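The residues of the chain are indexed from 1 along the displayed sequence. In this text the structure is predicted, and so the values were computed from the model without any measurement. Any value given below was found using the heavy atoms of this structure, including those in side chains, with hydrogens, waters and symmetry copies removed.
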Amino acid sequence: MNSIETLGRPSVETLDPKQYILIKGARVNNLKNIDVSIPRNKLIVITGLSGSGKSSLAFDTLFAEGQRMYVESLSSYARQFLGRMEKPEVDWIKGVSPAIAIEQKVSTKNPRSTVGTTTEIYDYLKLLFARIGRTYSPVSGQEVRKDTVTDVVDYILSLEENARVLITTPLIRKNNRSLTEELTILVQKGFTRIVAEDETIQIEEALEDAATSQRITDLPLHILIDRLAVKKEDEETQFRLGDSVQTAFFEGEGSCFVQVLGGERRQFSDRFELDGIAFEEPSVNLFSFNNPYGACKRCEGFGTILGIDPDLVFPDRNLSVFEGAIAPWRTEKMGEWLTPLLRNGIRFDFPIHRAYKELSQAEKDLLWKGNKYFGGLDDFFKMLEGESYKIQYRVLLSRYRGRTVCPECRGSRLRKDAGYVKINGKSIVDIVLRPISEIAQLFREMELPEYQEKVARRILTEIQNRLDYMERVGLGYLTLNRLTNTLSGGEFQRIKLATSLGSALVGSMYILDEPSIGLHPRDTQRLISVLKSLRDLGNTVIVVEHEEEVMKAADEIIDIGPEAGTGGGQVVFHGDWNTIEDLRLEGPREETSSSHTLAFLTGQDVIQTPKFRRRPSGWLELKGARENNLRDVNVRFPLGTLTVITGVSGSGKSTLIRKILYPALGKMLGTYSDESGKYSELVGDLKGLTAVEMVDQNPIGKSSRSNPVTYVKAYDHIRQLMSDQQLAKARTYKPSHFSFNVDGGRCETCQGEGQVKIEMQFMADIYLTCESCGGKRFKQEILEVKYKDKDVAEILDMTVDEAVTFFRDEPKIYEKLMPLQEVGLGYVTLGQSSNSLSGGEAQRVKLASFLGKGNPNAGKTLFIFDEPTTGLHFHDIRKLLKSINALVEQGDSVIIIEHNTEVIKCADYIIDIGPDGGEAGGQITFTGTPEEMIQLQDDNHTARFLKEKMAE
C-alpha cells in the first residue's frame with residue numbers, strides 16, 4: 001500500500017548508517033515488516049491514525065533498541081540495577097544513537113519536587129546566592145559583613161607613615177576562671193601586657209602587686225597583642241601585622257581593636273553579625289529546602305501547613321462584618337469577640353458595613369491582628385487552641401483548619417533568614433515565587449559589580465539559558481516553586497524538553513510523544529523553535545505528532561497507516577512538506593487517498609463547521625472563583641450544549657473546570673468529597689442534573705487483566721451467552737467459568753494472564769506463552785464450549801469491528817460494543833490489556849461506556865472532557881465529535897477544555913480565559929458562539945486562530 005513518494009526512496013540496505021538510522025523488517029505490535037530510513041540530525045515527524053503503529057515504531061522499536069544497546073554496554077553488575085529491555089522484534093537496526101524518550105506522563109509524585117529542581121534552575125540559583133549574595137539585616141537594612149585579616153591590615157596600612165598603633169583584643173574569662181588564673185595563662189602563652197582604661201600594665205606587675213590586681217578586677221581589660229609604627233613599604237611589617245591580627249581574632253573570639261595613638265580607636269569583628277543578631281553565612285545548604293539545615297522549621301520544607309484557612313473563616317465575601325462575614329463569630333457566645341469591633345470600629349475608621357471583598361488589604365489584616373479596641377482573629381484562634389482540652393473548642397477549631405501557605409516562609413519552603421540574602425535587592429524567595437517570564441526579564445537586565453560578575457558569569461549563563469528555554473516552550477507562566485506533581489502531562493514533557501536543551505547533549509536521538517499537547521496554537525511556533533534548536537545542536541529529533549504546524553516545520557514526515565490496528569502498520573507516506581504542497585496544488589490523486597493524513601493536509605478531507613448552534617436549555621453560574629490565578633471571576637455555563645473552554649496555556653482553564661466547577665458540582669450531587677478550589681457560590685438550573693462525570697486520560701484499570709470489553713460491561717453478557725450454550729449447560733458451567741479473573745475456568749498456571757514471567761538476573765525478564773493453555777487463558781475443557789464455532793479465547797482475540805459484526809444477533813452485546821466502534825476504537829481487540837492503551841484511547845473507552853444503553857443518568861449528566869483530542873488524528877477527531885454530539889443529543893451537557901481549532905469551531909458556545917498565562921490570565925475575555933468570537937476586533941489569541949480555521 002506504499003505511495004509513489006515512499007517507493008521512490010532508496011533501499012535501507014544501500015544507505016550509510018553514519019548518515020541514516022536504518023530499520024529493517026520491524027514487526028513490533030501491528031507493524032507489518034516495514035523498512036524505514038531516518039536521516040540523522042533532522043527533525044522527523046511520525047504521524048498517522050490513533051493505533052496505526054506510530055508509537056510502536058518510535059518508542060517500542062527505536063527507543064527500545066537505543067536503550068537496550070546502552071544497557072548492554074554496561075557491566076553485568078550495573079545492569080542488574082537498571083530497567084531491562086527486550087530486543088524489539090526486527091531484522092536489524094543500524095546507526096542508532098543514544099536514545100532519550102520524553103513522554104507525557106508525570107513520572108514523579110515526590111511532594112518536594114518542584115519546577116525549579118526538575119529543570120535544575122534552582123540548583124544554579126542556590127549556587128549563585130551562596131557565591132555572590134549579600135546578607136542584609138532586617139532591623140537596620142544594613143549589609144552584614146565580617147572583617148577579615150586582610151581588611152584590618154589594609155586599614156592599618158592606609159594610616160599615615162610611622163603612625164603608632166596598638167592592636168588589642170578583649171580579655172575573655174573562660175570557664176569561670178579568676179583574673180589571676182587568666183593572667184597566669186596569658187603569661188604562659190607569651191603575652192606581656194594588658195590594657196585597662198587606656199593604661200598599659202605589665203601582666204607580671206598585676207600578678208605580683210595585689211593593689212593593681214584589685215584595681216583592675218572589675219574593669220574591661222584588653223590583651224595588648226602588638227604595638228608598632230606603620231611602615232607601608234616594609235614587607236616584614238606586613239607579615240607581622242597579619243600574624244598579630246590573626247592572634248587578636250583568635251584570643252578575642254572574633255574581636256580585634258586597632259588604637260591609633262593620638263587618634264581613633266576602631267573595632268573589627270570576624271563574626272557574621274549586625275544589630276545584635278548573629279546571621280548564617282550564605283552557603284548552598286542555606287538555600288536547600290530538601291536539607292534540614294535550609295528547610296523552613298515551621299513547614300519542614302513543604303511550603304504548606306495545617307493552619308487556619310481564611311476561606312473557611314470568611315465563606316461569603318459579599319457579606320460585611322456587620323452582616324456576619326466572620327463565620328466563627330456568628331454564635332451568641334463567640335459574638336462577644338465581634339461586639340467590641342462593631343462598637344469601636346468608628347474610632348479607628350473601620351467600615352463595618354462594607355462587603356469583605358471590598359476591604360483593603362490593611363483592613364483585612366487588621367481583622368486578624370486586632371488593636372487596643374478589639375481582639376483579632378489570631379488571638380481568637382490562640383484562645384481556642386489554649387482551650388482545646390474541651391471537646392467543643394476542638395470541634396470549633398477543626399471547622400476552620402485547612403492546608404494553608406506557611407506564613408513563615410511564604411510558601412518558599414526555606415528558613416526565614418535565607419530571605420535576608422539578596423542580589424540586586426532580590427532574595428531567592430522573591431525569585432521562586434514569581435513567574436518564569438518575570439524572572440527571565442530580571443536576569444536579562446541584571447547588572448553586577450565587576451568582581452561579582454566574574455564569579456557569577458558561568459552560573460548566570462546556565463540560568464538564563466534554561467529560563468529562555470522554559471519561555472520558548474510556553475511555560476513562562478509557571479513559578480519555580482510550583483510542585484511537579486501538579487503539572488499536566490504536556491507541561492511536564494515540555495519541562496523535560498527544556499531541561500534536555502539546557503544540558504546541551506549532542507549526537508543523541510530524542511523521541512517525543514506529542515509535545516504540542518496542552519499548547520495553544522499561539523505557543524506552537526515557540527515550541528517548534530525549541531525542537532529546531534535541539535536538532536541544530538547535532539541531535540536527531542523524532543516527534544510523534546498530529547499538529548499541522550509541527551509537520552510543516554519537519555524535515556521529513558513519516559505517515560503510518562493506512563488504518564488503525566490490524567489495518568495499519570505500513571508506511572503510506574515518507575517525504576517532506578514541499579511534496580505535500582505539490583499534492584495540494586495538483587488536486588485529488590490516487591496516492592493521497594491511501595493516507596488520511598495527506599487527505600486532510602491537501603484539503604481533500606475536512607471537518608465541516610456545524611450549520612447551526614444549539615440553544616442552551618439552562619445555565620449554571622459559578623461566582624467568585626479565585627483559585628491560583630483566577631481573579632474572583634463569575635462564569636455562566638450553558639446546559640444542553642457543547643461548550644468549549646479555551647485560552648492560552650496557563651490562563652486558568654483547568655483551574656476553573658477541574659479544581660472548582662467539577663468538585664463543587666460533585667459535592668452538591670453527593671458524588672465528590674475531596675477539597676475544591678476557592679469560590680463563593682454555584683447556582684443555576686440544578687434540578688435537571690443528577691451526575692457530573694470527568695472523562696480524563698487516566699488509565700481505566702491498573703490490572704493487566706482489565707480490558708475494554710470488561711470496562712463497557714459487554715463481557716458480562718458474553719460470559720452469560722457462553723454459559724447458555726448446550727455443552728456448557730450439560731457440564732453445569734456458570735458465567736464465572738468464562739472469567740479469567742476468578743478461579744474456575746481460567747488456566748491456573750498463568751492465573752488467566754496467558755503469559756508466565758521468567759525472571760532473569762542480568763537480562764530482561766522474559767514473558768513466555770503459558771505452556772498449559774498455550775496463551776489462551778482458559779482450561780481446555782472451557783475452550784470446547786463454542787458460539788458460532790468460536791471459543792471464548794477466540795472471541796477475546798477479535799477486534800471491536802469484527803466483534804460488532806459477529807454479535808449482530810445478540811442485542812445486549814451489540815449495544816455495548818457499538819459505542820467502542822463509534823468512538824474510533826474498532827481496531828482494539830476485546831481482550832487487549834487496559835494498561836497497553838494510550839491516554840487518548842483510555843479516554844475514549846470511558847466515553848463509550850457512557851454512550852452505551854442502560855446508563856441511568858442519560859440525559860441528566862454534565863460531562864467534562866480535558867483535551868480529548870490528545871493523541872488523535874484529524875480523522876479520529878471527526879469520530880470523537882460525532883460521539884460527543886451524541887451525548888448532547890440525548891440531553892446531556894458537555895464541557896471540553898481544548899486548544900484544537902477543529903473542536904472549537906464545532907462548539908455551540910465558547911468561554912475564553914486569558915488574555916495570557918499566569919499572572920496575566922485568570923479573566924473571562926469572551927463568551928459566545930464561534931461566529932461571535934471571530935468578529936472580535938481586539939487581540940484575542942484564540943479568535944485569531946479560529947478566524948483562520950473557519951475561513952478555510
Any donor-acceptor pair under 3.5 Å from Asn539 side chain to Val541 backbone: no
Do Thr118 and Leu487 come within less than 4.5 Å of each other through their side chains, counting heavy atoms only? no
Closer than 3.5 angstrom, by distance alone: can the side chain of Ser676 be matched with the main-chain N or O of Ala664 as a donor-acceptor pair? no
Can Glu445 and Lys426 be counted as an ion pair, charged N to O under 4.0 angstrom? no
Got a second to check how far Ile904's CD1 is from Thr646's OG1, nearest 0.5 Å? 5.5 Å
Does Arg415 qualify as a cation-pi partner of Tyr293, given the criterion of NZ or CZ under 6.0 Å from the six-membered ring centre and within 45 degrees of its axis? yes
Using side-chain heavy atoms (C-beta onward) and a distance below 4.5 Å, is Asn940 in contact with Leu946? no
Do Ser427 and Asp430 meet the criterion of a side-chain donor-acceptor pair at a distance under 3.5 Å? yes
Would you say Lys297 has more than 12 foreign heavy atoms packed within less than 6.0 Å of its NZ? yes
Under the rule for salt bridge (Lys or Arg N to Asp or Glu O under 4.0 Å), what residues qualify as partners of Arg298, not counting sequence neighbours? none
Parallel, tilted or perpendicular: which one describes the rings of Phe289 and Tyr122, with boundaries at 30° and 60°? tilted
Trp577/Glu548 under side chain to side chain contact (heavy atoms under 4.5 Å, CB included): CA gap, chis, key distance, verdict: CA-CA 10 Å; Trp577 187 260; Glu548 187 175 341; 4.1 Å; yes
When you measure from the side chain of Thr925 to the backbone N and O of Asp912, does any donor-acceptor pair fall under 3.5 Å? yes
Any side-chain heavy-atom pair from Leu505 and Tyr510 closer than 4.5 angstrom? yes
Do Asp309 and Arg403 touch side chain to side chain, with heavy atoms closer than 4.5 Å? no
Nearest 0.5 Å, what's the NZ-NE2 distance between Lys54 and His873? 8.0 Å
Using the test side-chain hydrogen bond (donor to acceptor under 3.5 Å, both in side chains), find all partners of Glu281 that sit at least two apart in sequence or belong to another chain. Lys146
With a 4.5 Å cut-off on side-chain heavy atoms, are Val635 and Thr927 touching? no
When you measure from the side chain of Thr870 to the backbone N and O of Glu867, does any donor-acceptor pair fall under 3.5 Å? yes
Would you confirm whether Lys678, through its side chain, and Asp632, through its main-chain N or O, come within 3.5 Å as a donor-acceptor pair? no
Have Arg40 and Ser97 got a donor and an acceptor in their side chains that come within less than 3.5 Å? yes
May I ask you to decide whether Lys905 forms a salt bridge with Glu902, counting only side-chain N to carboxylate O separations under 4.0 Å? yes
Distance in Å, Ser649 OG paired with Leu519 CG, rounded so as to fall on 0.5 Å steps: 4.5 Å
Side chain to side chain contact (heavy atoms under 4.5 Å, CB included) evaluation trace for Ile38 with Ile558: CA-CA 9 Å; Ile38 297 173; Ile558 301 173; 4.1 Å; yes
For Ala625 and Leu656, the nearest pair of non-hydrogen atoms, with its separation, is CB-CD1, 4.1 Å
Over all atoms of both residues, closest heavy-atom pair of Ala440 and Glu471: CB-OE1, 3.4 Å
Least distance between heavy atoms, Thr135 atom then Phe279 atom: CG2-CD2, 4.0 Å
Can you name the nearest heavy-atom pair linking Ala456 to Leu448, along with the distance? CB-CD1, 4.3 Å
Could you tell me whether a side-chain N or O of Asn629 sits under 3.5 Å from a main-chain N or O of Gly650, the two making a donor and an acceptor? yes
Between Leu527 and Glu547, is a side chain to side chain contact (heavy atoms under 4.5 Å, CB included) present by the stated rule, with each step listed? CA-CA 12 Å; Leu527 171 71; Glu547 177 60 48; over 6 Å; no
Approximate separation, where rounding is to 0.5 Å, of Ile439 CD1 and Thr479 OG1: 7.5 Å
Asp555 side chain to Leu43 backbone, donor-acceptor under 3.5 Å: yes
Tell me, with the steps shown, if Asn485 and Asn110 meet side chain to side chain contact (heavy atoms under 4.5 Å, CB included). CA-CA 7 Å; Asn485 58 20; Asn110 185 347; over 6 Å; no
Regarding Arg458 and Glu462, does a basic nitrogen lie under 4.0 Å from an acidic carboxylate oxygen? yes
If I take atom CD1 from residue Ile660 and atom OH from residue Tyr662, how far apart are they, to the nearest 0.5 angstrom? 15.0 Å
Side chain of Thr117, backbone of Ser113: donor and acceptor closer than 3.5 Å? no
Nearest heavy atoms of Met950 and Pro930, plus distance in Å: SD-CB, 4.0 Å
Do Thr942 and His520 have side-chain atoms, one donor and one acceptor, less than 3.5 Å apart? yes
Charged N to carboxylate O below 4.0 Å: is that the case for Arg494 and Glu491? no
Straight-line distance of Ile910 CD1 to Phe926 CZ, nearest 0.5 Å: 6.0 Å
Which pair of non-hydrogen atoms, one from Val405 and one from Gly411, has the smallest distance, and what is that distance? CG1-N, 3.5 Å
Glu438 vs Gln441 side-chain heavy atoms within contact, under 4.5 Å: no
Is a side-chain donor-acceptor pair under 3.5 Å present for Arg413 with Thr114? no
When you compare the side chains of Glu545 and Ser516, does any donor N or O come within less than 3.5 Å of an acceptor on the partner? yes
Inspect the surroundings of CD in Glu300 and state if more than 12 heavy atoms from other residues, nucleotides or ligands are less than 6.0 Å away. no
Do Lys653 and His899 have side-chain heavy atoms sitting under 4.5 Å apart? yes
Is the shortest heavy-atom distance from the side chain of Phe129 to the side chain of Pro282 under 4.5 Å? no
Do Asp916 and Arg522 meet the salt-bridge criterion of a basic N to acidic O distance under 4.0 Å? yes
Just by distance, do the side chain of Thr61 and the backbone of Ser56 share a donor-acceptor pair under 3.5 Å? yes
